[in-house]
Amino acid sequence: MLAFPTGTTATPTAIAVPPALRLPLIEAAFPRRLHEYWPKLQEKTRAWLLEKRLMPVDTVEEYADGLCYTDLMAGYYLGAPDEVLQAIADYSAWFFVWDDRHDRYVVHGRAGAWRRLRDRLHTALDSPRSHLHHEDALVAAFADSVGRLYAILPGTWNARFARHFHAVIDAYDREFHNRTHGIVPGVEEYLALRRLTFAHWIWTDLVEASAGCELPPAVRKHPSYRRAALLSQEFAAWYNDLCSLSKELAGGEVHNLGISLITHDEMTLEEATAELRNRIQECVVEFMVAEGEALRFADGLADGTVRGKELGIAVRTCVGNMRNWFSSVYWFHHESGRYAVDSWDDRSTPPYVSNEAAGE
């Protein structure tokens, strides 16, 4: 299903990308596509958000579609069976809600509430079935979404996913500490932490789930495959930082590559923005090289055996979806109300966030 940069909501409008955020190479070389299941995906994820009480009814009605969470996933995991894409999309929506809860806990100094949530998520990750009816709706929804993801591939993949997400929770804990103490991490420290808070390896794990094939360690750790995967996620994280820089400066944030550049490399806002753009554009160019190497690696896996053919096809599918991440992330940032900072009454507080839903 072809998709065009005119929005994917029910009433599409032309998207004007601000010059500082425009990347002509993405627009020219990374055509955007959407999974055929997308309209149903949006409808079912909206219903799931209500069923799991992740957002109040009025918030879902007013903001859910405009946040475009399902558009992002439908543009990334092409070829996934409908039920797999649905599980991924619900998990992704949960992730955004969790990120917002974390932010509210930071803003309101709720360290105890954050520690309880952190510990509950660690426990639910290892035993989702026993947390399906947890008193905290965020924990219960997490258990539901993780349990569905665990049903897709074997236990070895589940253990890897859990290991990766335990690291994400711990990284969010470090971010909580940094934000509540006003600590701006240095550039290299930030880049390493960002790979965890953005959940680089979680989204890459889910590429395998969408392809219906757990890749053996020798394949997924092969330098050509791993580099393509890393670059696709670095682009997404850094472009997110570029697009959310004004929002996060308004909110007194400390976790943004631009803020680290301003603080530790003594750049002006304009210089930091230009440096971010340069890094992002280099990342896109480097991915196009890495993509070719990864596809040649996939071809080499087809050694005449059934298993070799299966792995070659799976790797090509995974690398193709890494490519899709570029266009999906790019247009998501210009369609989603999550980044429409200039239209908010309070530039530091998203209108779709409910303090009541966060237990405040």
Side-chain angles (χ1 to χ4, degrees), residues 1 8-10 34-104 117 120-121 123-125 127-153 158 161-162 165 168-169 199 202-203 205-207 209-210 212 328-329 332 335-338 350-359:
M1 178 179 181
T8 52
T9 54
L34 281 177
H35 197 288
E36 297 283 354
Y37 181 66
W38 172 75
K40 182 62 72 174
L41 184 73
Q42 184 183 58
E43 175 187 327
K44 288 196 171 184
T45 294
R46 190 192 314 122
W48 187 79
L49 288 168
L50 287 171
E51 176 193 344
K52 299 303 177 184
R53 298 179 292 115
L54 288 177
M55 289 184 181
V57 175
D58 58 343
T59 302
V60 172
E61 290 177 350
E62 185 171 358
Y63 296 108
D65 289 356
L67 290 170
C68 302
Y69 295 160
T70 54
D71 304 42
L72 179 63
M73 295 298 109
Y76 185 17
Y77 297 103
L78 295 182
D82 294 353
E83 65 276 10
V84 171
L85 182 60
Q86 189 66 63
I88 293 173
D90 290 349
Y91 167 77
S92 171
W94 174 87
F95 200 112
F96 280 112
V97 176
W98 175 50
D99 185 73
D100 292 334
R101 172 86 74 91
H102 177 266
D103 178 70
R104 293 297 91 193
L117 177 59
R120 288 167 174 173
L121 293 178
T123 304
L125 184 58
S127 56
R129 288 185 181 179
S130 63
H131 289 74
L132 291 173
H133 305 289
H134 195 279
E135 61 184 9
D136 186 334
L138 194 73
V139 176
F142 177 65
D144 176 81
S145 63
V146 167
R148 289 156 61 200
L149 294 175
Y150 283 175
I152 298 169
L153 289 177
N158 296 348
F161 180 93
F165 201 76
V168 171
I169 297 169
I202 289 293
W203 305 117
D205 289 339
L206 291 170
V207 169
S210 70
S328 191
V329 164
F332 167 71
E335 294 173 354
S336 173
R338 193 173 180 86
Y352 51 83
V353 169
S354 167
N355 286 337
E356 180 181 351

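- By the side-chain contact (heavy atoms from CB on, under 4.5 Å) test, A93 pairs with T45, L49, Y69, sequence neighbours left out.
- By the 4.0 Å N-to-carboxylate-O rule, R120 lies close enough to E135 to be salt-bridged with it.
- Once rounded to the nearest 0.5 Å, the distance linking CG of L41 with CG of L85 reads 4.5 Å.
- Judged by distance alone, the side chains of D90 and Q86 do bring a donor and an acceptor atom under 3.5 Å apart.
- Ring-plane geometry between H35 and Y37 is classed as perpendicular, the angle between the planes exceeding 60 degrees on a 0 to 90 degree scale with a lower cut at 30.
- Residues forming a side-chain contact (heavy atoms from CB on, under 4.5 Å) with S92 (at least two apart in sequence, or on another chain): M73, F96, W203.
- Atom-to-atom distance recorded for L149:CG and L206:CG is 6.0 Å, nearest 0.5 angstrom.
- Every residue was checked against the side-chain hydrogen bond (donor to acceptor under 3.5 Å, both in side chains) condition with S328, not counting sequence neighbours, and none meets it.
- A donor-acceptor pair shorter than 3.5 Å can be found between the side chains of D144 and W48.
- Looking at heavy atoms from C-beta onward, D82 lies out of side-chain contact with K40 at the 4.5 angstrom threshold.
- Between R338 and D99, at least one side-chain N (NZ, or NE/NH1/NH2) sits under 4.0 Å from a carboxylate O, which counts as a salt bridge.
- Ring geometry for W98 against F95 counts as perpendicular: the plane angle is over 60°, on a 0 to 90° scale with 30° as the lower cut.
- When all heavy atoms of T70 and A89 are compared, the pair lying nearest together is CG2-CB, 4.5 Å.
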